[in-house]
Q: 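Structure incoming, see below.
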Amino acid sequence: MNFLSIASPSGTDRRAERAAGPDLLRIVCMMMILTSHFFVHGKVLSSLRPTDVNFHIGWLIEGCCYVMVNCFVLITGYYQSASRFKLKKLLLLWGQIDFTSAAVYLILCALKKAVFTPGGLLTAFAAVTGTRYWFATAYVILYALTPLLNRALEGLSRREHFIAVAALWGLFVAGRNLVYWLDFANLHGGYSYTSFIVLYVTAAYLRKYPPKKRRWLLWYFLLSVLTALSRILMTVLYYRFRFGSEFLKVFMQYNSLPVVAASVCFFLFFLNLNIEGRVSRALIGFFAPLTFGVYLIHEQDELEALIWDTLKLSRWAKSPKIFLYLPAVTLSLFLLCSMADFLRRMLSRLLHIPALFGAIADGLGKGARRFIDRLLPPEDS
């Protein structure tokens, strides 16, 4: 069990069939994340200047990948807004994050690729509360809030829900681009559960009131190119006028208007994608539940540093070869981390971890209900 399967639909076969498109989107977005990390963590883009051809190509690719995080949250909002919150899922999600971080740390220490210290192990094991993975921590908070969000949304009329989406977009998306407020509302450029809530409410609206079919893929591409061009232009202006570096990302952050709009278009394209091939569906069904594990493994702090320091991609930044290394590195990381997470899942089932966490969740739930009943008897509630 992991985060990405939380967002999966359950129940009828018809609903399972509809999940093929979003499941493929998970895989695509994880490849986009690896691509972005190739350019950023590999220090490829930071080694280039606006006069370099690879600078423009690299940022165009990066701009097309920037929907990666938002689409994961949109998938969750689309399905979880119609599903029940389960404490067991939250505990399993939390456990996967902490276990993966600590396990990778211990393996690297055993291979003498990291120095073991009790403090280092504690830091690795406290991955959620220590925010080692900003995305995972923000997602844990979002999932914990879904009962409240769903209860608030279920009573809204279509008009009220639309107004809520428009207000959230106006305040937290469009507003920050029209009047650039540095780190407005502690959103940290979309690295925040607050931004995730905006996407969740948006996806819930799209589920209840599906829009007419459009050329979603074309709109995604145009908006992504616009996003990339804005970053290229701001970089050129930065070298010319030397203004504050924080303005470089004014239109290229996860909660920027063109990025959020492109994310919705990309999500709707995959949502309406019809995948019928048996082999294709089998491959998608195998790899989609492993994608969150890919993220956790390759982004583990000690391993992340080891990967990119070993590859030393910056030395090839100005060479055409960098675009040959890109698919080779990203695909290799995806497959290796997928297999590692597959082994983790097998070990988890062998040790009956899901059943154990289910029993813990049941115990916590019963205890919480007894406490609430004593504090606020049913007849007074």
Side-chain angles (χ1 to χ4, degrees), residues 1-4 30-47 68-69 72 90-141 188-189 191-193 290-317 322 325-326 328-351 353 356-357:
M1 170 63 203
N2 60 53
F3 146 77
L4 292 170
M30 187 50 59
M31 292 300 297
M32 287 179 165
I33 289 173
L34 290 168
T35 298
S36 179
H37 291 170
F38 177 94
F39 284 119
V40 178
H41 295 337
K43 300 179 181 178
V44 175
L45 290 176
S46 62
S47 301
M68 52 198 179
V69 169
F72 274 130
L90 180 62
L91 294 179
L92 284 168
L93 169 64
W94 196 310
Q96 180 188 355
I97 298 167
D98 285 350
F99 172 81
T100 301
S101 177
V104 172
Y105 174 75
L106 290 173
I107 291 172
L108 291 177
C109 289
L111 296 175
K112 297 184 178 179
K113 298 297 183 180
V115 179
F116 177 82
T117 63
L121 178 59
L122 179 61
T123 300
F125 191 72
V128 175
T129 53
T131 62
R132 279 199 140 201
Y133 305 98
W134 75 266
F135 176 84
T137 300
Y139 184 82
V140 166
I141 296 174
H188 304 292
Y191 294 79
S192 163
Y193 67 88
L290 304 174
T291 49
F292 188 54
V294 174
Y295 164 73
L296 293 177
I297 293 169
H298 94 278
E299 271 289 91
Q300 201 273 352
D301 282 8
E302 289 78 15
L303 183 57
E304 176 202 315
L306 178 62
I307 290 172
W308 304 114
D309 287 347
T310 301
L311 291 174
K312 293 183 173 58
L313 295 170
S314 59
R315 58 183 170 173
W316 306 103
I322 197 67
Y325 294 142
L326 173 59
V329 170
T330 53
L331 184 59
S332 297
L333 283 175
F334 180 83
L335 292 175
L336 288 172
C337 293
S338 292
M339 293 304 100
D341 192 60
F342 178 76
L343 293 175
R344 178 201 62 80
R345 288 164 61 91
M346 293 297 99
L347 179 62
S348 176
R349 292 172 183 172
L350 183 64
L351 297 177
I353 299 300
L356 174 62
F357 275 65

Q: Has T100 got a side-chain atom pairing as donor or acceptor with Q96's backbone, closer than 3.5 angstrom?
A: yes
Q: Once rounded to the nearest 0.5 Å, what's the spacing between atom OG1 of T330 and atom CE of M32?
A: 12.0 Å
Q: Give, for atom CH2 of W94 and atom CD1 of I97, the distance between the pair rounded to the nearest 0.5 Å.
A: 8.5 Å
Q: Any chance you could measure L303, atom CG, to C337, atom SG, to the nearest 0.5 Å?
A: 7.0 Å
Q: Quick one: list whatever passes salt bridge (charged side-chain N to carboxylate O under 4.0 Å, His left out) with D301, sequence neighbours left out.
A: R132
Q: If we check ring pair (Phe, Tyr, Trp, His ring centres under 6.0 Å) with W134, which of these qualifies: Y193, Y295, Y191, Y139?
A: Y191
Q: Would you check, one step at a time, whether the test side chain to side chain contact (heavy atoms under 4.5 Å, CB included) holds for W308 with V329?
A: CA-CA 10 Å; W308 304 114; V329 170; 4.2 Å; yes
Q: What are the two closest non-hydrogen atoms of I322 and A317, and how far apart are they?
A: CG2-O, 4.1 Å
Q: Can you confirm whether more than 12 heavy atoms, excluding those of Y325, are under 6.0 Å from its OH atom?
A: yes
Q: Hey, what do you get for CZ (R344) to CD1 (I353), rounding to the nearest 0.5 Å?
A: 10.0 Å
Q: Apply the test side chain to side chain contact (heavy atoms under 4.5 Å, CB included) to residues L290 and M30: give CA-CA distance (whole Å), side-chain angles for both, the deciding distance (0.1 Å), then the verdict.
A: CA-CA 10 Å; L290 304 174; M30 187 50 59; over 6 Å; no
Q: Enter the distance from M31:CE to F38:CZ here, rounded to the nearest 0.5 Å.
A: 11.5 Å
Q: Provide the closest heavy-atom pair for E302 versus Q300 in the form atom of the first, atom of the second, distance.
A: OE1-NE2, 2.7 Å
Q: Has the side chain of D98 got a donor or acceptor atom that lies under 3.5 Å from a matching backbone atom of V128?
A: yes
Q: Within the side chain of Y133, is there an N or O that forms a donor-acceptor pair under 3.5 Å with the backbone of E299?
A: no
Q: Heavy atoms only: give me the nearest S192-A138 pair and the separation to one decimal.
A: C-CB, 4.2 Å
Q: Could you measure the distance from the CZ atom of F334 to the CD1 atom of I33? Nearest 0.5 Å is fine.
A: 10.5 Å
Q: Determine whether F292 and D341 satisfy the following criterion, side chain to side chain contact (heavy atoms under 4.5 Å, CB included), listing intermediate values before the conclusion.
A: CA-CA 9 Å; F292 188 54; D341 192 60; over 6 Å; no
Q: Could you report the tightest heavy-atom contact between L121 and A102, atom names first, then the distance?
A: CD1-CB, 4.4 Å
Q: Side chains of L326 and T35: does their closest heavy-atom pair fall under 4.5 Å?
A: yes
Q: In residues 105-120, what donor-acceptor pairs under 3.5 Å come from side-chain atoms, sequence neighbours left out?
A:
{"from": "Y105", "atom 1": "OH", "to": "V115", "atom 2": "O", "distance (Å)": "3.1"}
{"from": "Y105", "atom 1": "OH", "to": "T117", "atom 2": "N", "distance (Å)": "3.1"}
{"from": "T117", "atom 1": "OG1", "to": "G120", "atom 2": "N", "distance (Å)": "2.8"}

